2 protein chains.
Amino acid sequence: MNTIEVFLESKKVRPTAMRMLVYKYMTQSNVAKTLGDIENAFTKADRTTLYRTLKTFEEKGIVHQVDDGTGTIKYALCEAGCNCDIDRDLHLHFHCSNCRETICLTEHKIPQINLPDGYVAEDMNLVVKGICEHCSGQ
Amino acid sequence: MNTIEVFLESKKVRPTAMRMLVYKYMTQSNVAKTLGDIENAFTKADRTTLYRTLKTFEEKGIVHQVDDGTGTIKYALCEAGCNCDIDRDLHLHFHCSNCRETICLTEHKIPQINLPDGYVAEDMNLVVKGICEHCSGQ
DNA sequence: CAATAAATGCACTTCTATTGCATGGCTACT
DNA sequence: AGTAGCCATGCAATAGAAGTGCATTTATTG
């Protein structure tokens, strides 16, 4: 039993070979991935399987969706202990317009927002676009 | 010369009949509209024309895109004097998960965000999801 | 081992965004 | 006014991603 297997089981996800590979792939960078990215990384696997794997991961709190405004949904690992809880877990995402990658800035929580009366917040998404550390240092 | 015509010309957009209608339509609510919404409002117009009208408006600073996470792009009028300037013009958007409408909260600017060294911000997008004033008051 | 449930793979559909090309109308210039 | 050329419009087709239905394989449980 390797650690990935143990982890997936702790999340109530049956640790199939494919799921372990996808999870491992996600851990290898903090860059959010599209379904297409993952598809390219695992050419032997079917798109639908990967699609449903990500949906399952999302339901079980293993990954969260990132909508960075490019029009295609990306996925990134949740932090340890994350419940995607408003006020606590929501971090911001940075989209680099040069390398087109989207990075989770998990240390940077979304600041408190005051809404007008009558509005109830349940979730929020903050994406900052610009030039990332790597691309600006050139 | 009506005011819409004058306005469009001031933005260097030739005021065609179609463009004036679309602009007028946009002024009638502060709810962001998808291309599909506009298409339904003007059944006689071609989808492509509306699409390109919005693109033109966007380029000329008349509307801005709103990405509320529903997967379809929406458009909303820029405020008067808006340059979509970071630090000044960026307001937040509220997406109601009940009525599924997205509202520009133009009075609510996005708070100052601190980024790690090396990151340069050029634009940002903040969407709060939840229940809007109208839907929560029921 | 049989029965059942879950995961996978394939094909297809849907929805939106986007582009190419032909046509029509307006503008500007002579 | 006549004409060339640009810009706007409309139609048709494509692209790209998300999502669904169904058959098949794999795994689990008794």
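Throughout, a chain's letter reflects where its sequence line sits, starting with A, and its residues are numbered from 1. It should be emphasised that the depicted structure is a prediction, and the values quoted were computed from it without experimental measurement.
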### Task
Please report the C-alpha distance between A:Tyr75 and A:Phe57 in whole Å, then the side-chain angles of each, then the deciding distance to 0.1 Å, and finally whether the ring pair (Phe, Tyr, Trp, His ring centres under 6.0 Å) criterion is met.
CA-CA 10 Å; A:Tyr75 297 87; A:Phe57 281 7; 9.5 Å; no

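- Among the atoms of the strands shown, only primed sugar atoms or phosphate atoms (P, OP1, OP2) are found under 4.0 Å from some heavy atom of B:Lys55.
- Here C:dG9 presents its P atom at 12 Å from CZ of A:Arg19, a figure rounded to the nearest Å.
- When the P atom of C:dT8 is taken as reference, atom CD1 of A:Ile38 falls 14 Å away, rounded to whole Å.
- Residue B:Leu21 contributes atom CG, which lies 14 Å from atom C1' of D:dT9 at whole-angstrom precision.
- Rounded to whole angstrom, the span from the CG atom of A:Asp67 across to the C1' atom of C:dT16 amounts to 15 Å.
- Closest to the side chain of A:Tyr51, out of D:dG10, D:dG19, C:dT19, is D:dG19.
- Here CD of A:Glu39 is found 14.0 Å from NZ of A:Lys44. Values are rounded to the nearest 0.5 Å.
- In the set D:dA8, C:dT16, C:dA7, D:dA8 carries the atom at the smallest distance from any side-chain atom of B:Thr16.
- In this structure, CD of B:Gln65 is placed 9 Å from P of C:dA17, rounded to the nearest angstrom.
- Across the interface with DNA chain C, nearest-nucleotide mapping of B:Leu35 and B:Arg52 shows B:Leu35 to be the residue nearer the 5′ end.
- One finds the CD atom of A:Gln28 at 9.0 Å from the NZ atom of A:Lys33 (value rounded to the nearest 0.5 Å).
- Atom CG in B:Asp46 sits roughly 13 Å away from atom C1' in C:dT19 (whole-Å rounding).
- When the nucleotides D:dA17, C:dT8, C:dA17 are ranked by their closest atom to the side chain of B:Ile73, C:dA17 comes out on top.
- Residue-level contact check: B:Thr48 touches the bases, meaning some heavy atom is under 4.0 Å from a base atom.
- Residue B:Glu107 places its CD atom among 12 or fewer non-hydrogen atoms of other residues, nucleotides or ligands, all under 6.0 Å distant.
- In this structure, B:Ser136 contributes its side chain and B:Cys132 its backbone to a donor-acceptor pair below 3.5 Å.
- Across the protein-nucleic acid pair, B:Leu50 atom CG and C:dA17 atom P stand 12 Å apart, rounded to whole Å.
- Atom CZ in B:Phe42 sits roughly 18 Å away from atom P in D:dA8 (whole-Å rounding).
- Of the candidates D:dA8, D:dT9, D:dA18, D:dA18 carries the atom nearest the A:Arg47 side chain, counting heavy atoms from C-beta on.
- Nucleotides of DNA chain C nearest to B:Thr72 and A:Arg14 differ in position, and the one nearer the 5' end is that of A:Arg14.
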